[in-house]
Chemist: 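The structure follows.
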Amino acid sequence: MSFVDVAQAAAREDDRVSVEQLAEWLIEERKDFVLIDVRSQDEYRKAKIHDAENIPLAELVASETIAGLPGDRKVVVYSNGSENAAKAATMLRLAGLDAHLVTGGYNAWHARILNPDIPAEELDGESPQVSAQRAYSCYFVGDRGEGGADREAPKPFEPPVFEQQEQEDLPPLPPVGEES
């Protein structure tokens with residue numbers, strides 16, 4: 001890929017993936033991309049996105065590292081924000097790979113997927129965006145309701161059983177139009 005191709009992709013923002021889009025891809029278990037965390041090993045050990053592989057930015061440009069990356073799939077990279085991921089994606093594109101960066105990186109993933117801050121006024125009307133944020137959070141973090149991980153597993157739903165009661169002798173209904 002030439003410098004012009006890389007610059008045009010960046011200008012069109014074709015080289016970006018939102019955290020919501022990435023969450024959907026992970027939930028769908030898509031196999032057309034590989035996820036690379038370009039942060040330090042310490043940052044990676046503390047927290048990562050799903051099954052990302054850690055290749056710190058300085059190691060990413062080694063010829064043996066680039067040769068080990070798939071040429072037939074997207075290479076999606078992230079850092080804490082977007083800056084280092086943008087550098088990594090640019091270098092990988094120049095090396096001939098179909099590289100993309102996660103916009104906002106791990107910080108955006110943490111804020112919008114793992115811990116969405118949903119304003120109280122949106123909770124009642126629950127827009128499709130709020131529903132999606134809740135679903136992403138439940139998928140990647142789990143239900144954080146009362147008790148959290150210490151709770152017992154939910155019991156299967158058992159419909160209530162109502163016993164048939166004998167009909168009481170009720171007065172007949174009044175004719176239509178004569179109701180009180």
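Along the sequence shown, the residues carry numbers beginning at 1. The structure displayed is predicted, hence computed values, not measured ones.
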Chemist: Show the nearest heavy-atom pair for residues Ser82 and Gly105, with the distance to one decimal.
Modeler: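 Scanning both residues completely, I find the closest heavy atoms to be OG-N, 4.4 Å.
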
Chemist: Answer yes or no: is there a side-chain heavy-atom contact under 4.5 Å between Arg39 and Arg45?
Modeler: no

Chemist: Within the structure provided, determine whether His50 and Leu22 are in side-chain contact (heavy-atom separation under 4.5 Å).
Modeler: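 No, their side chains stay 4.5 Å or more apart.
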
Chemist: Are Trp25 and Lys74 side-chain neighbours, meaning at least one heavy-atom pair lies under 4.5 Å?
Modeler: yes

Chemist: Between Ile113 and Val19, what is the shortest heavy-atom contact and its length?
Modeler: CD1-O, 3.9 Å

Chemist: List the atom of Val38, the atom of Ala88, and the distance in Å for their closest heavy-atom pair.
Modeler: CG1-CB, 3.9 Å

Chemist: Got Ile66 and Leu97 here, is their nearest side-chain heavy-atom distance under 4.5 Å?
Modeler: yes

Chemist: Once rounded to the nearest 0.5 Å, what's the spacing between atom NZ of Lys87 and atom CG of Leu57?
Modeler: 7.0 Å

Chemist: Can you confirm whether or not the ring centre of Trp109 sits under 6.0 Å from the ring centre of Tyr78?
Modeler: no

Chemist: Are more than 12 heavy atoms from other residues, nucleotides or ligands located less than 6.0 Å from atom CD of Gln21?
Modeler: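 Yes, CD of Gln21 has more than 12 neighbouring heavy atoms, counting only those of other groups under 6.0 Å.
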
Chemist: On a heavy-atom basis, which atom in Ala89 and which in Ala99 lie closest, and how many Å separate them?
Modeler: O-CB, 3.6 Å

Chemist: With side chains defined as the heavy atoms from C-beta onward, is the minimum distance between Leu92 and Val77 less than 4.5 Å?
Modeler: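 In short, these two side chains touch, coming nearer than 4.5 Å.
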
Chemist: Dump the intermediate steps for side chain to side chain donor-acceptor pair (under 3.5 Å) on Gln41 and Asn54, then the final yes or no.
Modeler: CA-CA 7 Å; Gln41 290 179 353; Asn54 181 229; 4.6 Å; no

Chemist: To the nearest 0.5 Å, how far apart are CG in Asp72 and CG in Asp32?
Modeler: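 Going from CG on Asp72 over to CG on Asp32, the span is 10.0 Å.
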
Chemist: Compare every heavy atom of Ala52 with every heavy atom of Tyr44, then report the nearest pair and how far apart it is.
Modeler: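 Between these two residues, the closest heavy atoms are OH-O, 2.6 Å.
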
Chemist: Find the distance between CG (Leu69) and CG (Asp98) and round it off to the nearest 0.5 Å.
Modeler: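 Atom-to-atom, Leu69:CG and Asp98:CG are 12.0 Å apart.
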
Chemist: Check for a donor-acceptor pair, side chain of Thr65 on one end and backbone N or O of Glu59 on the other, with a separation under 3.5 Å.
Modeler: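 Indeed, once roles are kept as given, a pair shorter than 3.5 Å links the two residues.
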
Chemist: Is a donor on one side and an acceptor on the other found under 3.5 Å between the side chain of Asn107 and the backbone of Asn80?
Modeler: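 Answer holds: yes.
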
Chemist: Any side-chain to backbone donor/acceptor pair from Arg73 onto Val34? Under 3.5 Å, distance only.
Modeler: no

Chemist: Quick one: does Val17's side chain get under 4.5 Å of Phe33's, heavy atoms only?
Modeler: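 They are not in side-chain contact.
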
Chemist: Do you know the tightest heavy-atom contact between Arg16 and His100?
Modeler: N-ND1, 4.2 Å

Chemist: Quick check: does any side chain N or O of Thr103 sit under 3.5 Å from a backbone N or O of Ser18, one acting as donor and the other as acceptor?
Modeler: no

